[in-house]
Amino acid sequence: METGAVDGGDSDGGDSDGGSDGGRDTADSSTRGWSSALQDVLQRWGLSHPATLTAARLAPVLETVRTQLVQRNVPNAIAAHLTAAVCRGLEGRAAPRGLHPTRALRRLVAVEMQTVLSQILSPKTSIDLLREMRRVQRSEQRPYTIVFVGVNGVGKSTNLAKVAFWLLHNGQRVLIAACDTFRSGAVEQLRVHVRNLSAMEGATIALFERGYGKDAAAIAKEAQAYAAAHGFDVVLIDTAGRMQDNQPLMKSLAKLVAVNQPDRVLFVGEALVGNAALDQLQKFNQALRDHVPAGVGGRGLAGATSAPVPRQIDGFILSKFDTVDDRVGTAISMTFTTGQPIYFVGTGQTYADLRRMNVKLIVRTLLQ
Ligand code: GDP
C-alpha cells in the first residue's frame with residue numbers, strides 16, 4: 001500500500017509549492033537580498049498566497065489525490081469528477097496559514113474528499129434486507145424475490161449461496177431458482193450449494209430447476225408460484241452470466257426481470273473490475289430499460305398488475321473483495337454510476353464470507 005500521498009510524509013520545512021527562488025544571496029545589504037529573504041519568510045508562513053483558496057492553489061494537491069484514486073482503481077472520469085467536487089467545496093475558503101500551509105492544505109483536501117466519498121458510498125435508502133423482506137411477507141403474504149445478475153464468472157452463484165446461508169441463519173425458508181439455463185454445469189453447481197446448506201440445523205432450502213435450454217423467465221415465474229404454494233419466504237433467482245454486449249442474452253435478462261418483477265435486482269460485480277464496471281453497469285441498466293417486452297405488466301404496490309415499469313439495478317454485491325488489497329475503487333464506480341447501494345461485500349469462498357460494506361474503511365483505504 002502506498003502511503004503519504006494525501007497527508008503526512010512531507011517535510012514542511014521544505015514547503016515548496018510557492019515557488020521559492022531557491023538562490024539565497026550571500027547576506028549583503030543589497031535590496032535584492034532583503035527582498036528574497038522576506039519572500040522566503042512570507043512563503044514559510046503562508047503569507048504570500050492569496051487569503052482565500054483558489055483553484056490554482058488547490059490544483060497540485062488535487063492532482064496528487066486524483067492520481068492516488070486512480071491507482072486505487074477509481075476510473076479516471078470519476079476521479080476527475082471527485083476532485084472537481086472537492087475543488088468546488090474548498091474554493092473561496094480561507095487559505096491555511098501558519099508554519100506548515102501546504103501540509104494544512106493537504107489535510108483540508110483530504111477531509112473534504114472524505115466527505116464527498118462518504119456521501120457517494122452511504123446508502124440513500126435502507127439496505128436492511130431482512131426488515132424489508134419481513135415487511136413484504138407480512139403485508140403482501142408472498143415470498144420476497146431477489147434476482148442476481150452479472151457478467152460471467154464474477155461469483156454470482158457463490159454469492160447467491162452466501163446470501164442463502166445468511167437468510168437461513170435468520171430463519172428464512174429459501175427457494176433457489178436455477179435460471180441459468182445456458183451454461184452447462186450451472187444447475188449442478190446450485191444443487192451442490194443446496195445440498196451443503198441443507199445440512200445446517202433447522203434449514204429449509206430447496207432448488208427449483210427445469211434443466212437447460214428453457215425460457216429462464218418462465219422458470220422464474222414457476223419458481224415464484226411454487227415458493228408461494230409451498231411456504232417458502234424467499235426466492236433467490238440465479239441467472240446466466242452474460243457479457244454486457246451480448247444483445248440476445250441481455251434481452252432475455254430484461255424479459256426475466258420484467259415478467260417476474262422481483263423485489264430486488266442485485267448486480268454481482270468483481271471488486272477488481274475497475275474502469276470496465278462503468279460499461280457493465282450502464283449497459284445492464286440500459287438493457288433493462290430498453291427491452292421490456294410488450295404487454296408485460298408490473299407488480300403494483302398492492303400486488304395488482306399495472307403498466308410496465310422499466311426496472312434498474314437496485315444494488316450490488318461486490319465480490320472477491322478479499323483479493324483487491326488497497327484497490328477498492330470499484331465500490332465508488334458502482335455507487336457513483338447508479339446511485340444504488342452496495343448491499344454486501346464478498347470476502348472469500350466460504351458461505352460465511354459475506355459482509356456489510358464498511359464505508360469508513362473504504363474511504364480510509366482510498367485516502368491513506
Ligand atoms: P459465476 O459464474 O458468476 O456464478 O461465478 P461463481 O460463483 O462460479 O464463482 C467464480 C469463482 O469465484 C469461484 O471460484 C468462486 O469460489 C470465486 N468467488 C466467488 N466469490 C468470491 C469472493 O468473494 N472471494 C474470492 N476470493 N473468490 C470468490
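This chain uses plain numbering: 1 for the first residue, then up along the sequence. Start at 1 and go down the list; that is how both ligands and their atoms are numbered. Any value given below was found using the heavy atoms of this structure, including those in side chains, with hydrogens, waters and symmetry copies removed.
Counting heavy atoms under 4.0 Å from ligand 1, residue K162 touches it through the side chain alone. Residue-level proximity to ligand 1 for V268 is absent, since no heavy atom of it falls below 4.0 angstrom.
For atom 11 (C) of ligand 1, the closest non-hydrogen atom on the protein side is K320 NZ, 4.0 Å. The closest protein non-hydrogen atom to atom 8 (O) of ligand 1 is Q189 NE2, 2.8 Å. Given atom 20 (N) of ligand 1, the protein heavy atom at minimum distance is N159 ND2, 3.3 Å. Of all protein heavy atoms, the one lying nearest to atom 5 (O) of ligand 1 is G155 N, 3.0 Å.
Taking all atoms of both residues into account, the shortest heavy-atom contact from V324 to A271 is CG1-CB, 3.5 Å.
Annotation: F321 places no N or O atom under 3.5 Å from an N or O atom of ligand 1; distance criterion only. Geometrically, ligand 1 and R183 share no nitrogen or oxygen pair separated by less than 3.5 Å. The shortest N/O to N/O separation between N152 and ligand 1 does not fall below 3.5 Å. Annotation: G348 places an N or O atom under 3.5 Å from an N or O atom of ligand 1; distance criterion only.
Taking the six-membered ring where tryptophan is involved, the planes of H169 and F165 are perpendicular, since the angle between them exceeds 60° and thus also 30°.
With rounding to the nearest 0.5 angstrom, the CG atom of L108 is 6.5 Å from the CG atom of L53.
Using a 4.0 Å cut-off to heavy atoms of S157, the atoms of ligand 1 that qualify are 4 (O), 7 (O). Taking a cut-off of under 4.0 Å to the non-hydrogen atoms of T323, the atoms of ligand 1 that pass are 26 (N). Of all atoms in ligand 1, listed by their number and element, those nearer than 4.0 Å to a heavy atom of G153 are 1 (P), 2 (O), 3 (O), 5 (O), 10 (C). Listed by atom number, the atoms of ligand 1 under 4.0 Å from G346 heavy atoms are 23 (O). Shown in contact with T158 at under 4.0 Å from a heavy atom are these atoms of ligand 1, numbered in order with element: 6 (P), 7 (O), 9 (O), 15 (C), 19 (C).
Every residue two or more places apart in sequence or in another chain that forms a side-chain contact (heavy atoms from CB on, under 4.5 Å) with K251 is listed here: H291.
For R131, the CZ atom counts as loosely surrounded, since its 6.0 Å shell holds 12 or fewer non-hydrogen atoms of other residues, nucleotides or ligands.
Residues Y144 and D233 have side chains that never bring a donor and an acceptor to within less than 3.5 angstrom of each other. Side-chain contact of Q189 with R183: a donor-acceptor pair under 3.5 Å is present, judged by distance alone. Checked by atom type, the side-chain pair Q282/Q244 shows no donor-acceptor distance below 3.5 Å. Side chain to side chain, Y343 and R264 meet the donor-acceptor criterion of an N or O pair below 3.5 Å.
Contact between T347 and ligand 1 is present, with at least one heavy atom of the residue lying under 4.0 Å from the ligand. Using a 4.0 Å cutoff on heavy atoms, G241 does not count as a contact of ligand 1. The closest approach between any non-hydrogen atom of G150 and ligand 1 is not below 4.0 Å.
Considering only non-hydrogen atoms, atom 14 (O) of ligand 1 lies nearest to Q349 out of K156, Q349, R355, E270. Heavy-atom proximity to atom 26 (N) of ligand 1, evaluated over L160, D238, D322, V149, is greatest for D322.
Without hydrogens or angle criteria, K221 side chain to N260 main chain gives no donor-acceptor distance under 3.5 Å.
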Show me the side-chain donor-acceptor pairs of residues 199-211 shorter than 3.5 Å, one per line, residues at least two apart or across chains.
residue : atom : partner : partner atom : Å
E209    : OE1  : G211    : N            : 3.2
E209    : OE2  : R191    : NH2          : 2.6
R210    : NE   : E222    : OE1          : 3.1
R210    : NH2  : E222    : OE1          : 3.0

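Checked against Q312 for a side-chain contact (heavy atoms from CB on, under 4.5 Å), the options L281, V265, N285 give a single hit: N285.
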